Student: 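Here it is: the structure, laid out below.
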Amino acid sequence: AGAQGWLEEKLSETVVVCEALQQQISDEEHACRSATEQHACIETLRCALQERLNETTASHEELQYQVSQEQCACRHAVAESNELREHLLQMTTRWDRERAELSEQQACAG
């Protein structure tokens, strides 16, 4: 009877340890599923962010190209404006000179 009591006690302890281990395994499986879901979520977010970064980078490069084109057009417009200003100055100087010559001729004739 003593040996059987000892065996039953050991069996009962083993069952308790076994149940505790099963609970620990269950908890760890749950934690693992949760971590896997979180990892999948993080990976989805990372992919979305990478895609957005790629779009933003492409948009930025396009804007840089447009700015470069606008700067080039602006430089050409400034150069053309400077040329027109110089031409206008030359024409004004010429007209002033011709007007002065004409006034002189009229004064001499009169």
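Here the structure is a predicted model, which means the values were calculated and not measured.
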Student: Go through E86 and N82 one step at a time and tell me if the side-chain hydrogen bond (donor to acceptor under 3.5 Å, both in side chains) criterion holds.
Tutor: CA-CA 6 Å; E86 181 62 31; N82 288 339; over 6 Å; no
Student: Can you tell me how far the CD atom of Q4 sits from the CG atom of L11, to the nearest 0.5 Å?
Tutor: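 Taking CD in Q4 and CG in L11, the distance rounds to 11.0 Å.
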Student: If you measure from CZ on R94 to CE on M91, what distance do you get to the nearest 0.5 Å?
Tutor: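 Here the interatomic distance stands at 4.5 Å.
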Student: Is there a donor-acceptor pair closer than 3.5 Å between any side-chain N or O of S12 and the backbone N or O of E8?
Tutor: no
Student: Could you give the side-chain donor-acceptor pairs of residues 66-80 under 3.5 Å, partners two or more places apart or in another chain?
Tutor:
{"unit_1": "Q66", "atom_1": "NE2", "unit_2": "E62", "atom_2": "OE2", "d": "3.1"}

Student: Can you measure from CZ (R52) to OG1 (T57) and round to the nearest 0.5 angstrom?
Tutor: 10.0 Å
Student: Quick check for you: to the nearest 0.5 Å, what is the distance between Q106 atom CD and R99 atom CZ?
Tutor: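 Reported to 0.5 Å precision, the distance equals 11.5 Å.
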Student: Tabulate below the donor-acceptor pairs under 3.5 Å that side-chain atoms of residues 37-49 make, not counting sequence neighbours, or state none.
Tutor:
{"unit_1": "E43", "atom_1": "OE1", "unit_2": "R46", "atom_2": "NE", "d": "3.4"}
{"unit_1": "E43", "atom_1": "OE2", "unit_2": "R46", "atom_2": "NE", "d": "3.4"}
{"unit_1": "E43", "atom_1": "OE2", "unit_2": "R46", "atom_2": "NH2", "d": "2.9"}
{"unit_1": "T44", "atom_1": "OG1", "unit_2": "A40", "atom_2": "O", "d": "2.9"}

Student: Any chance CD of E98 has more than 12 other-residue heavy atoms, nucleotides or ligands included, within less than 6.0 Å?
Tutor: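 It does: E98 CD has more than 12 such atoms within range.
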Student: In residues 20-28, what donor-acceptor pairs under 3.5 Å come from side-chain atoms, sequence neighbours left out?
Tutor:
{"unit_1": "Q23", "atom_1": "NE2", "unit_2": "D27", "atom_2": "OD1", "d": "2.7"}
{"unit_1": "Q24", "atom_1": "NE2", "unit_2": "E28", "atom_2": "OE2", "d": "3.4"}

